[in-house]
Novice: 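My questions all concern the structure below.
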Amino acid sequence: MASRTTTSARLLGRGVHLVNSMDFYKVSNGTGCTVIRWKCPGKIVDNRNFALFGKTSFGRPSLQVCILFLKQIMQCRQPSSSVRKYTRSASLIREEAVDAGQPTFETHPELVAPGEIMPGITSQEFALRRQKLRQVVPPGSIVILGAATTKQMTDAVPYPYRQDADYLYFTGCQQPGGIAVIDDRSDLCMFMPEPDPEREIWDGKFAGPETAVDIFGADQAYSSRQIPEILPGMIRRAANIIYDTSCPKPLFWGLPDIQEAKQNHKVQTLQKYSHNLRWVKSPAEIQRMREAADITCQAFLQTMSVSRRYPHERVLAATVEHECRIRGAQRMSFPTVSAGGASASVIHYSRNDKQIEEGRMVLLDAGCELHGYVSDMTRTWPVSGSFSGANREVYEIVLETMKECFKLCKPGITLREIHIKSGLMLSRGLLKLGLVTDTQTLGRTFRSFNPSAVGHYLGMDVHDCAGINIDVPLQPGVVITIEPALYIPVKPNVPERLRGIGVRIEDEVLITSTGHEILTASAPKEMDEVESWLAQCA
């Protein structure tokens, strides 16, 4: 249990003494350090958060400031209410680190630094995101964010849980069962599941209302059972209700006030606001994406190294996934595509169950997710170790197309313009290969060999910020993919030497103020570099 101190308390690590403390609790944070917290309804103070002293988290408050602040919060009183409400006050704090249901500084100091809610993303950044959201929505609006629901594979087996990107972006909470509310009156109000000892036996700890305040920085938090008591009043006060209208059955869907707001045309979709904010990445987000891309590149190198000895789709898929996970990734971004030979002409092939024939190439499309941010890349290479014949011809066309597309990756250019350039280059390649002979029908027949776009936005989702049109000029901080491809089917009207060849090369590209940076450049794609790497691994 926490040990209470009634004399002057020292905030360790900052060299600050507080006198006449009277109601402090000394807490071990699980890393050998000691944290002193002030327990007072409505406030919480400790040596990891000096914002309440009127200073930044890196400030060093003076003794006088601390004394004045103590005098003010000594007068705090818990507001009377028939509804149980959690605010920024420390409840009884235990000696051991509190399990919040996800990594925190106290439980995972190797991942989460002081002041961070998620690895690399501080509480200040989450607060800034919410502030920007309040600035772009219409005045008087209420924004309701719902956590992703759990889905069952069978009655007793759940699918792996992945949080809704918008909910994660604005709260940092990675767990199901919650609702977050952002409006003019509150920076963040959260409705969280109550602790359930029976459920914890099976599924472990989950964040509750108190955790929402202490970890996620909510101004106030309630039990999710109190949604019918609290949320309707918030909705009635609002001029507009903004939430993810694509969500089939959010927790608040059945509230009469929501239905009335829909009938009165007061409901707006969240994505047109949230996607604009998520589209341009912050420096901290870019760093997470660099790390995810680096993990994926290293995993690809290791997978290429085993492809000559074990030319099987299943082995290569398992290798890239294993290599990503042991390097820290939480999951794969999407089902891995490990397509050998003619299977490479199936864009989202995922069977991964065939032996790769001698003389054929393998197309590997994979990416990992690291602390909420994803990677996505593709490489195609010959399992024999060398490009030859038709494989080389097709690969060269796709690679040259990619290089031309890179030249357009800069601020002011749109994804549509890059796509048009890609189409022109690949169309010339089809003419060169003899796959198309009539230029008059080239536009129609091109889609037979490439029906997909040259790229997409990337971030917390693989096809990130789908609400952003491809005609919007790119800005510094936007991450896109460039992935030209040719998929040649096995058909009688296709020259036999070209049948069943599928080539896609994909890189992640960060738009910068001066042009672009290829985040996945460390995985080889030049033919001589690929052959050299495969030769080293033979």
Side-chain angles (χ1 to χ4, degrees), residues 148-151 153 158-169 174 246 271 275 278-279 281 285 288-304 313-340 343-354 362-380 415 450-468 479-485 487 502-509 519-520 523:
T149 57
T150 56
K151 296 178 175 63
M153 188 180 303
Y159 283 104
Y161 182 76
R162 186 179 189 270
Q163 186 58 278
D164 174 80
D166 283 330
Y167 186 83
L168 184 64
Y169 182 79
Q174 304 171 33
S246 66
Q271 283 71 22
H275 286 191
R278 285 171 42 199
W279 188 52
K281 307 302 185 287
E285 291 180 289
R288 297 285 78 72
M289 296 195 69
R290 279 199 182 98
E291 293 170 358
D294 184 61
I295 287 174
T296 305
C297 287
Q298 293 301 312
F300 265 68
L301 285 169
Q302 295 303 314
T303 304
M304 293 171 73
E313 295 172 348
R314 180 186 65 249
V315 174
L316 303 187
T319 301
V320 74
E321 292 170 11
H322 166 76
E323 295 292 337
C324 284
R325 292 296 296 270
I326 65 172
R327 286 172 168 79
Q330 284 74 53
R331 59 180 67 86
M332 303 305 288
S333 306
F334 50 87
T336 297
V337 176
S338 179
S343 297
S345 61
V346 180
I347 298 175
H348 286 168
Y349 176 84
S350 60
R351 285 174 52 181
N352 304 341
D353 60 0
K354 295 180 182 177
V362 60
L363 184 157
L364 184 67
D365 185 355
C368 70
E369 181 172 332
L370 182 70
H371 307 308
Y373 292 86
V374 302
S375 62
D376 180 9
M377 67 176 291
T378 307
R379 292 291 185 266
T380 307
L415 260 182
N450 187 337
S452 61
V454 73
H456 52 81
Y457 305 124
L458 192 69
M460 300 184 84
D461 290 329
V462 176
H463 285 234
D464 203 41
C465 301
I468 304 295
V479 180
I480 62 174
T481 65
I482 296 296
E483 48 182 306
Y487 310 103
V503 175
R504 180 165 71 247
I505 314 171
E506 178 182 16
D507 273 321
E508 299 174 28
V509 181
L519 300 181
T520 45

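Residue numbers run from 1 in the order of the sequence given.
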Novice: Quick check: do Pro158 and Thr150 have side-chain heavy atoms less than 4.5 Å from each other?
Specialist: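 Side chain of Pro158 against side chain of Thr150, heavy atoms only: no contact under 4.5 Å found.
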Novice: Could you grab the distance from atom CD1 of Ile347 to atom OG of Ser452, nearest 0.5 Å is fine?
Specialist: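 Answer for the CD1-OG pair, Ile347 versus Ser452, is 4.5 Å.
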Novice: For the residue pair Cys324 and Ala299, what are the closest heavy atoms and their distance?
Specialist: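 Minimum heavy-atom separation between Cys324 and Ala299: SG-CB, 3.6 Å.
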Novice: I'd like to know if the side chain of Glu508 and the backbone of Leu519 have a donor-acceptor N/O pair within less than 3.5 Å.
Specialist: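 Judged by distance alone, no pair lies under 3.5 Å.
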Novice: Taking the side chain from Ser345 and the backbone from Gly502, do they hold a donor-acceptor pair closer than 3.5 Å?
Specialist: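 No, the answer is negative, given that no donor and acceptor are paired below the 3.5 Å cut-off.
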Novice: Run the salt bridge (Lys or Arg N to Asp or Glu O under 4.0 Å) test against Arg162 and tell me which residues pass, sequence neighbours left out.
Specialist: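 By the salt bridge (Lys or Arg N to Asp or Glu O under 4.0 Å) rule, Arg162 matches Glu369, Asp461.
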Novice: Provide the closest heavy-atom pair for Gly372 versus Leu168 in the form atom of the first, atom of the second, distance.
Specialist: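 The answer is CA-CD2, 4.1 Å.
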Novice: Taking Ala148's backbone N and O only, do any of them form a donor-acceptor pair with Tyr161's side chain (distance below 3.5 Å, no angle check)?
Specialist: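 Yes; at least one donor-acceptor contact below 3.5 Å.
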Novice: Test your reading of the model: is there a side-chain donor-acceptor pair from Thr380 to the backbone of Arg504, 3.5 Å cut-off?
Specialist: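 Between the backbone of Arg504 and the side chain of Thr380 there is a qualifying donor-acceptor contact (under 3.5 Å).
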Novice: I'd like to know if the side chain of Asn352 reaches the main chain of Ser338, judged simply by a donor and an acceptor atom lying under 3.5 Å from each other, with no hydrogens or angles considered.
Specialist: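 Checking the backbone N and O of Ser338 against the side chain of Asn352, a donor-acceptor pair under 3.5 Å is found.
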Novice: Measure from the side-chain N and O atoms of Gln330 to the backbone N and O of His371, and report whether any donor-acceptor pair falls under 3.5 Å.
Specialist: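 Yes: the side chain of Gln330 pairs with the backbone of His371.
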Novice: Minimum heavy-atom separation for His275 to Gly467, with atom names?
Specialist: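 So the minimum-distance heavy-atom pair works out to ND1-N, 3.0 Å.
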Novice: Indicate yes or no: at least one non-hydrogen side-chain atom of Phe334 is less than 4.5 angstrom from one of Val374.
Specialist: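 No, side chains not in contact.
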Novice: Report the distance from atom CZ of Phe300 to atom CD of Glu323, rounding to the nearest 0.5 Å.
Specialist: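 The CZ atom of Phe300 sits 12.0 Å away from the CD atom of Glu323.
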Novice: Mind checking what makes salt bridge (Lys or Arg N to Asp or Glu O under 4.0 Å) contact with Asp507, not counting sequence neighbours?
Specialist: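 If we apply the salt bridge (Lys or Arg N to Asp or Glu O under 4.0 Å) test to Asp507, skipping adjacent residues, the hits are Arg379, Lys525.
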Novice: Under the 3.5 angstrom rule, does the side chain of Arg278 hit a backbone N or O of Gln271 as a donor-acceptor pair?
Specialist: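 Flag not set: sc Arg278 to bb Gln271 has no pair under 3.5 Å.
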Novice: How long is the span from the OG1 atom in Thr481 to the CG atom in Asp464, to the nearest 0.5 Å?
Specialist: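 Reported to 0.5 Å precision, the distance equals 11.0 Å.
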Novice: Restricting to non-hydrogen atoms, name the atom on Gln163 and the atom on Gln174 that form the minimum distance, rounded to 0.1 Å.
Specialist: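 Distance-wise, the nearest heavy atoms are NE2-C, 3.5 Å.
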Novice: Within the structure provided, determine whether Tyr349 and Glu313 are in side-chain contact (heavy-atom separation under 4.5 Å).
Specialist: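 Contact flag for Tyr349/Glu313 side chains = yes.
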Novice: Given Val337 and Val346, is the side chain to side chain contact (heavy atoms under 4.5 Å, CB included) satisfied, shown in steps?
Specialist: CA-CA 9 Å; Val337 176; Val346 180; over 6 Å; no
Novice: How many angstroms lie between atom OG1 of Thr520 and atom CE of Met289, to the nearest 0.5 angstrom?
Specialist: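 Output value for this atom pair is 10.5 Å.
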Novice: Determine, step by step, whether Asp294 and Thr296 satisfy the side-chain hydrogen bond (donor to acceptor under 3.5 Å, both in side chains) criterion, reporting the C-alpha distance in whole Å, the side-chain angles of both residues, the deciding distance to 0.1 Å, and the verdict.
Specialist: CA-CA 5 Å; Asp294 184 61; Thr296 305; over 6 Å; no
Novice: So do Thr319 and His322 actually touch side chain to side chain, heavy atoms under 4.5 Å?
Specialist: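 No, every pair of side-chain atoms sits at 4.5 Å or beyond.
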Novice: The test is salt bridge (charged side-chain N to carboxylate O under 4.0 Å, His left out); show your working for Glu321 and Arg325 and say whether it passes.
Specialist: CA-CA 6 Å; Glu321 292 170 11; Arg325 292 296 296 270; over 6 Å; no
Novice: Using the side chain to side chain contact (heavy atoms under 4.5 Å, CB included) rule, take Gln302 and Ile326 through it: C-alpha gap first, then chi angles, then the decisive distance, then the call.
Specialist: CA-CA 12 Å; Gln302 295 303 314; Ile326 65 172; over 6 Å; no
Novice: Using atom types as modelled and distance alone, determine if a side-chain donor or acceptor of Thr378 lies under 3.5 Å from a backbone N or O of Ile505.
Specialist: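 It does not hold such a pair.
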Novice: Decide yes or no for Ser343 and Lys354: does some side-chain heavy atom of the first lie under 4.5 Å from some side-chain heavy atom of the second?
Specialist: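 Yes, at least one pair of side-chain atoms sits under 4.5 Å.
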Novice: Taking only residues two or more places apart in sequence, or in another chain, which ones meet Arg351 in a salt bridge (Lys or Arg N to Asp or Glu O under 4.0 Å)?
Specialist: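 Asp353.
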Novice: Atom CG in Leu370, atom CZ in Arg327: separation rounded to 0.5 Å?
Specialist: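 Those atoms lie 13.0 Å apart.
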Novice: Between Glu285 and Arg288, is there a salt bridge with N-O shorter than 4.0 Å?
Specialist: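 Here Arg288 does not pair with Glu285 in a salt bridge, since their nearest N and O are not under 4.0 Å apart.
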Novice: Between CZ of Arg290 and OH of Tyr373, what distance do you get to the nearest 0.5 Å?
Specialist: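 The distance works out to 14.0 Å.
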Novice: For Cys368 and Ile295, which heavy atoms make the closest approach, and how far apart are they?
Specialist: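 Closest approach of Cys368 to Ile295: SG-CG2, 3.8 Å.
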Novice: Tell me whether the rings of His456 and His463 are parallel (<30°), tilted (30 to 60°) or perpendicular (>60°).
Specialist: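 Ring orientation, 0 to 90° scale: parallel.
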Novice: Within the side chain of Asp376, is there an N or O that forms a donor-acceptor pair under 3.5 Å with the backbone of Gly367?
Specialist: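 Side chain of Asp376 to backbone of Gly367: no pair is present.
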